Amino acid sequence: MRIVTWNVNSLNARLPRVIDWLETMTPDVLCIQETKLAEDAFPAEEFAKLGYESVHHGQGQWNGVAILSKVGIEDPLSGFADGGGPDDDARIIWATCGGIRIASSYIPNGREVGHEHYKYKLAWLGRLQAHLEKNHTPADDVVVVGDFNVAPEDKDIWDSKAFTGATHVSTPEREAFEHILQWGLSDVFRNRYPDESGLYTFWEYMAGRFHKREGMRIDFILATQPLTSQCELILMDRNARKGEKPSDHAPLLADFKR
DNA sequence: ATGGTGGCCTTGCCA
């Protein structure tokens, strides 16, 4: 089973590239973030032509997450089932695809350390943790993917000095991320390449970051142990960040023996 | 060097 996560930064702007990419890479499941589409503006028919069922949790203009699957979509759930109230933003959608519980998630950016949005980011990561604790066990087949807007270690960014005092690298963010892993998820890329640096999933459009190889590894495929041990391939498709109208994120792809 | 680029419901805000 091939599972991919990709922050497309507007599905409307990216649809031709996403369709081309799907035809070439043929994932079983594609999790999309930042559709920036209203709930009913999702181009489900375009994906159905390629053999994908889909579910979308959208709000228009900002955020929006989706799951496309060739192996079925059961029990879709938008947001959290953690006993809390609804999230104002469309940032996570769950579905069971081929027997695996999968979440496509877009963690809040945080804007600035200490900002209201930063507090929302930490609270949001806490809700993800609570949802996992309430609904699953680490022995289940669970895969949480998406744009976490957190770089877990300094080797996940191009220059630690450039991030002094910035979001994405602060201790509370890294601890909240680590706490989620401690529940029972592995960062599948890091598990396979413990020491690798310089491989990223995101490069700012500004200042020629991509061409200068100044990126960040902030998109993840997190999996419970039964799946992590069955990972055969994990890579970021840097080529998808090149050329005409790319997203600022590259797809992250994993193959599992399923 | 506090810039730069790209997306949106665009003349400001978000990333």
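On a predicted model such as this, the values are computed, not experimentally measured, just so you know.
One interatomic measurement links the two molecules: NE2 of His249(A) to C1' of dT5(B), which rounds to 14 Å at whole-angstrom precision. A straight line from NE2 of His211(A) to C1' of dG6(B) spans 14 Å, rounded to a whole angstrom. As rounded to whole Å, 18 Å separates atom P of dT2(B) from atom CZ of Phe163(A). We find that NE2 of His168(A) is positioned 12 Å from C1' of dC14(B), with the value rounded to whole Å. Taking atom CH2 of residue Trp203(A) and atom P of nucleotide dG6(B), one finds them 16 Å apart after rounding to whole Å. Asn63(A) has its CG atom 14 Å from the P atom of dC9(B), to the nearest Å. Regarding Phe202(A), its CZ atom lies at a distance of 12 Å from the C1' atom of dC14(B), rounded to whole Å. One can place CG of Asn7(A) at 13 Å from P of dC8(B), the figure rounded to the nearest angstrom.
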_Apply ring pair (Phe, Tyr, Trp, His ring centres under 6.0 Å) to residues Trp203(A) and Trp158(A) and explain how you reach the verdict._
CA-CA 10 Å; Trp203(A) 303 258; Trp158(A) 55 276; over 10 Å; no

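Across dC14(B) and dG4(B), the matching C1' atoms stand 15 Å from one another, rounded to whole Å. Separating the C1' atom of dT10(B) from that of dA15(B) is a span of 15 Å, rounded to the nearest Å. The separation of dC13(B) from dG3(B), taken at their P atoms, amounts to 16 Å, rounded to a whole angstrom. The separation of dA1(B) from dT11(B), taken at their P atoms, amounts to 33 Å, rounded to a whole angstrom.
The ring pair (Phe, Tyr, Trp, His ring centres under 6.0 Å) search around His115(A) returns none, not counting sequence neighbours. With sequence neighbours excluded, the residues that form a side chain to side chain contact (heavy atoms under 4.5 Å, CB included) with Gln182(A) are Glu178(A). Taking the salt bridge (Lys or Arg N to Asp or Glu O under 4.0 Å) definition, one finds that Asp159(A) meets it with Lys161(A), sequence neighbours left out.
Between Phe80(A) and His131(A), the two ring planes are tilted [angle within 30° to 60°]. The aromatic rings of Phe148(A) and Phe177(A) sit perpendicular, their planes meeting at an angle over 60°, well past the 30° parallel limit.
Within residues 32-39 of chain A, no residue approaches DNA chain B, by heavy-atom distance under 4.0 Å. Within a heavy-atom distance below 4.0 Å of DNA chain B, the residues of residues 109-119 of chain A found are Asn109(A), Arg111(A), His117(A).
The side chain of Gln61(A) has dC8(B) as its nearest neighbour among dG6(B), dG4(B), dC8(B). Each of dC8(B), dA15(B), dC14(B) was ranked by its minimum atom distance to the side chain of Ser10(A); first place goes to dC8(B).
For the residue pair Arg101(A) / Thr96(A), a side-chain donor-acceptor distance below 3.5 Å is found, with atom types taken as modelled. No hydrogens or angles considered: a donor-acceptor pair under 3.5 Å links the side chains of Tyr120(A) and Asp87(A). Neither side chain, Trp62(A) nor Asp89(A), offers a donor N or O lying under 3.5 Å from an acceptor on the other.
Within the structure, salt bridge (Lys or Arg N to Asp or Glu O under 4.0 Å) contacts touching residues 47-67 of chain A (residues at least two apart or in different chains) are Glu46(A)-Lys49(A).
Taking the nucleotide of DNA chain B with the nearest heavy atom to each of Ala13(A) and Asn149(A), the more 5' of the two is matched to Ala13(A). When the nearest nucleotides of DNA chain B are assigned to Arg209(A) and Pro246(A) by heavy-atom distance, the more 5′-ward of the two goes with Arg209(A).
Residue Asp248(A) is out of contact with every strand shown, counting any heavy-atom pair closer than 4.0 Å. Among the heavy atoms of the strands lying under 4.0 Å from Tyr106(A) are primed sugar atoms or P, OP1, OP2 only; no base atom is included.
The shortest distance between the side-chain N/O atoms of Arg14(A) and the OP1/OP2 oxygens of dG7(B) is below 4.0 Å.
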